[in-house]
Amino acid sequence: MRILITGGAGFIGSHLAEAYLENGNEVYIIDNLSTGSLDNLAHLKERSAYQKRLFVHVDSILNRDVMLELVGTCDIVHHLAAAVGVEFILDHPMESITTNIQGTEVVLELCNKFKKRVLIASTSEVYGKHTHAPLVETDNIIYGPSSKFRWSYAASKLMDEFMALAYYRTTGLKVCIVRLFNTVGPRQTGAYGMVIPRLVGQALRNEPLTVYGDGNQTRTFTYVKDVVGAFVRLVENEDAFGQVLNIGGIEEISILALARRIIAACDSSSEIQFIPYDKAFGKDFEDMQRRVPGIDKIQNLIGFTPETSLDVILSKVTNYLRKRTDTV
Ligand code: UDP
């Protein structure tokens, strides 16, 4: 099959490309390299078995002519191109909203035109400021005021979900929406704020680990290969279309406990440095205090279980970053 991955040079996209190449498919990637990098694909380009089956277009998903050609050529579309990372969103508010809304509009319109199956990557940010756990797909959504720009990301991805569901309802487009909960693993960069590569990099350099706020906020991390395996199975499953599904792990951990675990895993002499949110992000910032997924729905649909524990994830990220000199 021919698979189109928007944002395929990004961290998750590159793992998804690898999964499809391993299974003998042709993979087409479009990525504007805003946060993605061709380095993420270098190991795939080097493999002779993959060279003739991997096609990379450095372009924007807003370029409708290129997208017309690509969507027309492929059998399945995975739409991962988006502005991601809290820091990136805060630094590029306009670009983020445009990419997330107009880009998804182009993808959906063309998938509908050519009747192609499509998966839309959404985010657990969509849930907003809940503190209860677990978060399930039918939960209400709670955002802060529009002066706090963090919520623009959640709102733009929520609009993507509505557009996708509207296509499903009105035209029967085979679209599935996934809400990702802190997907992590090798090749994720800390450059846009993501906590695990950032803290592991700091620990390996024996620098202070920057914990924002009091560190009591929690997250549930999910290994990227578990996530992309679910993507592949979802687009093959007729019952997944028209659905919104959480994909996430099961081990809730506070950022302070995570920092301590990383120091131990890296055998580091680093200390922990608490940084107030306003110093890290300016005064118009609100964090999500807790984020734990309910995964019954995806478990029942495709038998998904997050197989990789946090300890294994940390050891894989640590090994990956040890081999790099620029441990961001
Ligand atoms: N965080 C932190 N130090 C860092 C980077 C992030 O304490 O150097 C915190 C951040 O404030 C959040 C959590 O780690 O509470 C996860 O941040 P990330 O950006 O990885 O993902 P988010 O869940 O915020 O999208």
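All heavy atoms count here, side chains included; hydrogens, waters and symmetry mates do not. Whatever order the structure lists them in is the order used to number ligands and atoms, beginning at 1.
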#### Entry: Aromatic plane relationship, His78 with Tyr20 - under 30° parallel, 30 to 60° tilted, over 60° perpendicular
tilted
### Task
Work out which heavy atom in Asp214 is nearest to a heavy atom in Leu256; give both atom names and the distance.
O-CD2, 4.3 Å
### Message
For Phe181, run the side chain to side chain contact (heavy atoms under 4.5 Å, CB included) check against Ile295, Ile247, Leu135 and tell me which one passes.
### Response
Leu135
### Glu125 and ligand 1 - part of the residue with a heavy-atom distance under 4.0 Å
side chain
#### Entry: Contact atoms of ligand 1, heavy-atom distance to Thr210 under 4.0 Å
2 (C), 3 (N), 4 (C), 7 (O), 8 (O)
### Message
Would Val195 count as being in polar contact with ligand 1, using the rule that some N or O on each side must be under 3.5 angstrom apart?
### Response
yes
### Task
Work out whether the distance between some heavy atom of Met288 and some atom of ligand 1 is less than 4.0 Å.
no
### Task
For the residue pair Glu137 and Tyr127, confirm or rule out a side-chain donor-acceptor distance under 3.5 Å.
no
### Message
Is there a polar contact between ligand 1 and Arg291, counting only N or O atoms under 3.5 Å apart?
### Response
yes
### Query
Would you say Arg150 touches ligand 1, if touching means a heavy atom closer than 4.0 Å?
yes
### Query
Identify the closest protein heavy atom to atom 2 (C) of ligand 1: which residue and atom is it, and at what distance?
Tyr212 CD1, 3.4 Å
### Test item: side-chain donor near acceptor, His43 and Glu18, under 3.5 Å
yes
### Task
Measure Asn182 to ligand 1 on non-hydrogen atoms and call it side chain, backbone, both or neither using the 4.0 Å cut-off.
side chain
